[in-house]
Amino acid sequence: MSAERYNPREMEPHWQNVWNQNQSFIARNDDPRERYYVLEMFPYPSGRIHMGHVRNYAMGDVLARYHRAQGKNVLHPMGWDAFGLPAENAAIERKQNPGPWTRQNIASMREQLKSMGLSIDWTREIATCEPDYYQHQQALFIDFLAAGLITRKKSKVNWDPVDMTVLANEQVIDGKGWRSGAPVEQRELTQWFFKISDYADELLAGLDGLEQWPEKVRLMQRNWIGKSEGLRLLFEIAQGSETGATSIDVFTTRPDTIFGASFLALSPDHPLTGQLAATDPALATFVDECHSLGTSTEALEKAEKRGYLTHLTVKHPVIEGATLPVYVANFVLMDYGTGAVFGCPAHDQRDLDFARKYDLEVNPVVLPPGADAAGFVIANEAYDEAGTIFNSEFLDGLSIEDAKRAATAFFAERTVDGRPQGTVEINFRLRDWGISRQRYWGCPIPVIHCEVCGTQPVPKKDLPVILPEDVSFDQPGNALDHHPTWKNTTCHQCGGAARRETDTMDTFVDSSWYFARFTAPQATTPTDPKAASAWLPVDQYIGGVEHAILHLLYSRFFTRAMQKTGHVAVAEPFKGLFTQGMVTHETYKSAAGDWVLPTEVLIEVHGEKRTAKRLGTDAPLTIGSIEKMSKSKKNVVDPDEIVATYGADTARWFMLSDSPPERDVQWTEAGVEGASRFQQRVWRLVGETAALNEQSKDIVVKKDDKEAVVLRKTTHRAVHAISDEIEGLRFNRAVAQVYELTNALVRAAGVMAAAPESRLDALHDGVSRLVQVIAPMMPHLAETCWAALGHQGLVADAPWPEVDPSLLIDDEIIIPVQINGKRRGELNVARGTPRADLEQQVLSLDVIVRMLEGKAPKKLVIVPDRIVNVVI
RNA sequence: GCGGGCGUGGUGGAAUGGUAGACACACAGGACUUAAAAUCCUGAGAGGGUAUCCUCGUGCGGGUUCGAGUCCCGCCGCCCGCACCA
């Protein structure tokens, strides 16, 4: 055994080769063992992997390798989310097709991922931009269409003026496009929609069963779906029947406050508003103003509540002879409920603001507990908490909940326009998912438009509808639409001329089912239902929390749609979800204000002060805040360089140590060097152990002495703890346990000379187990050590070390002794020492005797095997 | 505004209501070396006594408990999500 330093540059490619030749990580669908499907969110092929990928895939790989060692049939695949705008924008810049660009990126990122030594089944690799993937997506689209899960409708949509495409509601963040950051405009277009809102209730209820999801994500989805139960209430028109309308539908969750109603408000987009505006130029102007303001949410937020008083009035539904004015108000959304509301200013802040502005009545009808009915007035704050109904005739004295029921029942009995005046209605915030994108680089929607036969799906036998690659990006807009011939086709029904749909699908469709495709990536149908039902749901899915709503909600809907159309057997795609934190780094700025790459920075440490200067020029630099790694701030570290300098294992180890995986981790040079030192430390320990073995091969190993037993206990305890931490995805704690075990083994190896013949086996066994438990995290190092220790075969194929339960318990334990809750001493006793014996021993302790000063303790709390507290 | 999370040494962070600060990074001192790197050993929450002892200490203020970083109530600060949703 040589004392040479471990050389990852040499060993890492070697073991990657061995694993590859051994086909160590190929999952077989006919393998009868228990299955485990671990998946990390697949990357967008931007060209280079970043540290966020390293962290994400290191975590997934630990689980994959751990569960494989547990004897499971592990599926750990990788693919590429390859359609999308960056490729198209790059193509426009370079005037070349996104296809070759994307495929090149995939090739180089694949090599980078392989250099990380991930235990991935590369035979299952898929790329969403290839026809062998997207043709199945087109087949799914056709099935969904036939099953009534897709509609085509004209509606207001979010238009991103920079990316020149439509966006789904989920893709509009703070009124801006999620990708371009441009303020989103409203446009009316005919678009394809997935009817996700049909599943709103089911998607909401399903969240309760997702026990292995972070509560935070479940909450975000709950809020996004936004279920609210209320009443659809009809207000009879008193004045204004010349419009032809005889009533206005309103949605409310507070029918209990109906006696406090003082006005009605219509959305500027309400059909009745349009009708009125046709003959009322002032109203038309008002509506236009609302629209010009209404493009960005920011503007909305600051916008004052404004209204326009129409000449319409409605009958108050419960106060005989009273009428209410009808306004058009800028704060009423056409999207939600019925696009019309009744205002009860006393109990809704927004209504109150409006009422104060237009001098409308404020009639309180909910009395706070303990308040005086005569003296209760509303000032500038609406009262929206619990109370008793008053000023409300037949509802008086009821609680809010009871009054809601009573009012609901009351209106259900009455009729307006031959309809019940009130019907229970449930509203959701969730809108249908608009998937049409006016972009080239996406999955073509498999539909044709025929003048005679209408819009119809492409027959499945004609799939795939291939995305042509001979397109030009000379003009702005959708290159597919500009293609000279592609969109011309013939109608398969009448044989006449027809036009292909030139919109492509939102790329979130691509990522909504890739996890299912991985279970049988060569199947001639979208899935092999047998394989899909065997593997799904994914046992552990890992990715960034930024997908908490978009991708994860779409995938949950899509899985249900696939279930309905017979492609999968489950409703929920991901049994366990883990959202990992980001990778951050310090930022550096030059005197001129330019960001500077960490590789160009030299950090100097003077005691506790750190200063930075530019490598080469020695120009002083400012050390800035710690932020998420981003190209714009240049605080990025290239994984390739780290792998070349320290090796993949070091990068993986560092990513897993220190910070809890769900939190952000700060990348530091010092941290990486620490990880690298640890790698060498393990290697030295293995070298010493192997050398001791070699020197002592003629020695007859004697029975364990006391030290050896201690060492075995330490080992078994550590293995037990590490297994537990890995299963719970607490990798930082697993790492800490590994450090402790290593420290113990290094110490033991150092004092071996004293009695090698009775400790050798315990040491060798301990070091071997150490190597096994670090294998999921530093797989290359582990293989090298495994071989150096003289083990046959690969550690990647070795079963996880078993733990001897008898070694986990100590016979002798130390019990802390407290006086008044403060630790004052300890007791060394045998495990299971009974209460009475403990009491006697505690009372004879020097400290206790001294502190008691001859008096008896007030109280003695004894928890056997745990703690003793003496109260004096 | 609504909802959720977090707050512990110089730093990242440990701690089923039971010895606060595991483990690591950084730092200081020492050993080895011609020297450096590497490695090994030692120290360290703060303050005092300088021995093995005492006091204070987990954002702030209360409470429950024999015992609270942990549970409850009220504040302060930071982060995230949603936001005119009737």
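Chain identifiers are assigned alphabetically (A, B, ...) following the order of the sequence lines, protein sequences preceding nucleic acid strands; residue numbering begins at 1 within each chain.
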Engineer: Hey, which sits more toward the 5' end of RNA chain B by its nearest nucleotide, A/A670 or A/V871?
Structural biologist: A/A670

Engineer: Rounded to whole Å, please give me the gap between CD1 in A/I848 and C1' in B/C66.
Structural biologist: 13 Å

Engineer: According to a strict under-4.0 Å criterion, is A/R306 in side-chain N/O contact with OP1 or OP2 of B/C84?
Structural biologist: no

Engineer: Counting only heavy atoms not in A/E215 (residues, nucleotides, ligands), do more than 12 fall under 6.0 Å from its CD?
Structural biologist: yes

Engineer: For B/A83, does either OP1 or OP2 sit under 4.0 Å from a side-chain N or O belonging to A/R429?
Structural biologist: yes

Engineer: Write down the distance separating the C1' atoms in B/C32 and B/G69, rounded off to the nearest Å.
Structural biologist: 43 Å

Engineer: Could you work out which one of B/C85, B/A38, B/G81 sits closest to the side chain of A/Y336?
Structural biologist: B/C85

Engineer: If a protein heavy atom is under 4.0 Å from the base, mark B; if only from the sugar-phosphate, S; if neither, -; do that for nucleotides 17-23 of chain B going 5' to 3'.
Structural biologist: -BB--BS

Engineer: Please state how far atom CD in A/E381 lies from atom P in B/C2, giving the value in whole angstrom units.
Structural biologist: 10 Å

Engineer: Using the P atom on both, measure B/C79 against B/G61 and round to a whole Å.
Structural biologist: 24 Å

Engineer: In whole Å, I'd like the distance from the CZ atom of A/R222 to the P atom of B/G5.
Structural biologist: 12 Å

Engineer: Please classify the nucleic acid contact of A/S657 as base, sugar-phosphate, or nothing, using heavy-atom distances under 4.0 Å.
Structural biologist: nothing

Engineer: Return the nucleotide paired to B/A68: Watson-Crick means purine N1 to pyrimidine N3 with N6-O4 or O6-N4, wobble means G-U with N1-O2 and O6-N3, both under 3.5 Å.
Structural biologist: none

Engineer: Is there, by distance only and without an angle test, a donor paired with an acceptor across the side chain of A/K859 and the base of B/C66 below 3.5 Å?
Structural biologist: no

Engineer: Using side chain to side chain contact (heavy atoms under 4.5 Å, CB included) as the criterion, point out the one residue from A/L234, A/L266, A/L233, A/T338 that pairs with A/I248.
Structural biologist: A/L266

Engineer: Where does B/G61 land, syn or anti, once you apply the within-90°-of-0 test for syn?
Structural biologist: anti

Engineer: Under a 4.0 Å threshold between the charged nitrogen and the carboxylate oxygen, would A/R831 count as salt-bridged to A/D810?
Structural biologist: no

Engineer: What interatomic distance, in whole Å, is found between C1' of B/G12 and the corresponding atom of B/C2?
Structural biologist: 33 Å

Engineer: Could you let me know what B/G49 is paired to, Watson-Crick or G-U wobble, both distances under 3.5 Å, or none if it's on its own?
Structural biologist: none

Engineer: Among A/V847, A/V861, A/L860, which one satisfies side chain to side chain contact (heavy atoms under 4.5 Å, CB included) with A/V870?
Structural biologist: A/L860

Engineer: Between the side chains of A/K628 and A/D664, is the shortest nitrogen-to-carboxylate-oxygen separation below 4.0 Å, so that they form an ion pair?
Structural biologist: no

Engineer: Which sits closer to the 5' end of RNA chain B, A/L219 or A/G674, going by the nucleotide each is nearest to?
Structural biologist: A/L219

Engineer: Can you identify which nucleotide, out of B/A86, B/C84, B/G3, has its nearest atom closest to the A/N223 side chain?
Structural biologist: B/G3

Engineer: At less than 4.0 Å, is any side-chain N or O atom of A/R663 found next to OP1 or OP2 of B/C79? Yes or no.
Structural biologist: no

Engineer: Nearest to the side chain of A/W224, which nucleotide is it out of B/G12, B/C40, B/A83?
Structural biologist: B/A83

Engineer: Taking only side-chain N and O atoms of A/R747, does any of them lie within less than 4.0 angstrom of OP1 or OP2 on B/C41?
Structural biologist: no

Engineer: Rounded to the nearest angstrom, tell me the gap between atom CD in A/E425 and atom P in B/A86.
Structural biologist: 13 Å

Engineer: Please work out which of the three classes, parallel, tilted or perpendicular, describes the rings of A/Y588 and A/H585, given edges at 30° and 60°.
Structural biologist: perpendicular

Engineer: Under a 3.5 Å limit for both distances, which nucleotide forms a Watson-Crick or G-U wobble pair with B/G57, could you say?
Structural biologist: none

Engineer: In whole Å, what separates the P atom of B/A28 from that of B/A38?
Structural biologist: 14 Å

Engineer: Mind checking A/V817 for me? I need base, sugar-phosphate or nothing, with any heavy atom below 4.0 Å counting as a touch.
Structural biologist: nothing

Engineer: Is the phosphate of B/A26, meaning OP1 or OP2, less than 4.0 Å from a side-chain N or O of A/R677?
Structural biologist: yes

Engineer: I'd like the C1' distance from B/C53 over to B/G7, given in whole Å.
Structural biologist: 33 Å

Engineer: May I have the distance from A/N820 (atom CG) to B/C54 (atom P), rounded to whole angstrom?
Structural biologist: 13 Å

Engineer: Can you tell me the distance, in whole Å, between the CG atom of A/D664 and the P atom of B/C6?
Structural biologist: 15 Å

Engineer: Between B/C54 and B/G3, how far apart are the two C1' atoms, rounded to whole Å?
Structural biologist: 48 Å

Engineer: When all nucleic acid strands are considered with a 4.0 Å heavy-atom cut-off, which category describes A/R824: base, sugar-phosphate, or nothing?
Structural biologist: sugar-phosphate

Engineer: With both distances under 3.5 angstrom, what nucleotide forms a Watson-Crick or G-U wobble pair with B/U11?
Structural biologist: B/A24

Engineer: Decide if atom CG of A/N828 counts as having more than 12 heavy atoms of other residues, nucleotides or ligands within a radius under 6.0 Å.
Structural biologist: yes

Engineer: Could you let me know what B/G81 is paired to, Watson-Crick or G-U wobble, both distances under 3.5 Å, or none if it's on its own?
Structural biologist: B/C2

Engineer: Going by purine N1 to pyrimidine N3 plus the second Watson-Crick contact, or the G-U wobble pair, all under 3.5 Å, which nucleotide sits opposite B/U19?
Structural biologist: none

Engineer: Let me know the distance between CD of A/E586 and C1' of B/G12, rounded to the nearest Å.
Structural biologist: 13 Å

Engineer: Suppose you measure atom P in B/A14 against the same atom in B/C27; what distance do you get, rounded to whole Å?
Structural biologist: 23 Å

Engineer: Looking only at the side chain of A/L333 (C-beta and beyond, no hydrogens), which of the listed nucleotides B/A26, B/A86, B/C40 gets closest?
Structural biologist: B/A86

Engineer: With a 4.0 Å cutoff (strictly under), does any side-chain N or O of A/S228 reach OP1 or OP2 of B/A86?
Structural biologist: yes

Engineer: In terms of side-chain heavy atoms, does A/S197 have a donor or acceptor partner in A/D432 at a distance below 3.5 Å?
Structural biologist: yes

Engineer: Can you tell me how far C1' of B/A86 sits from CG of A/L233, to the nearest Å?
Structural biologist: 12 Å

Engineer: What donor-acceptor contacts under 3.5 angstrom involve side-chain atoms of residues 816-825 of chain A, with partners at least two apart or in another chain?
Structural biologist:
| residue | atom | partner | partner atom | Å |
| --- | --- | --- | --- | --- |
| A/N820 | OD1 | A/I872 | N | 3.0 |
| A/R823 | NH2 | A/E826 | OE1 | 3.0 |

Engineer: Say we look at B/G57 and B/A20: how far apart would their C1' atoms be, to the nearest angstrom?
Structural biologist: 9 Å

Engineer: With both distances under 3.5 angstrom, what nucleotide forms a Watson-Crick or G-U wobble pair with B/A36?
Structural biologist: none

Engineer: Write out all pairs satisfying side chain to side chain donor-acceptor pair (under 3.5 Å) with one or both partners inside residues 258-269 of chain A, taking only residues at least two apart or from two chains.
Structural biologist: A/D269-A/H291

Engineer: Establish, from distance only, whether the side-chain atoms of A/R218 and A/N223 form a donor-acceptor pair under 3.5 Å.
Structural biologist: no

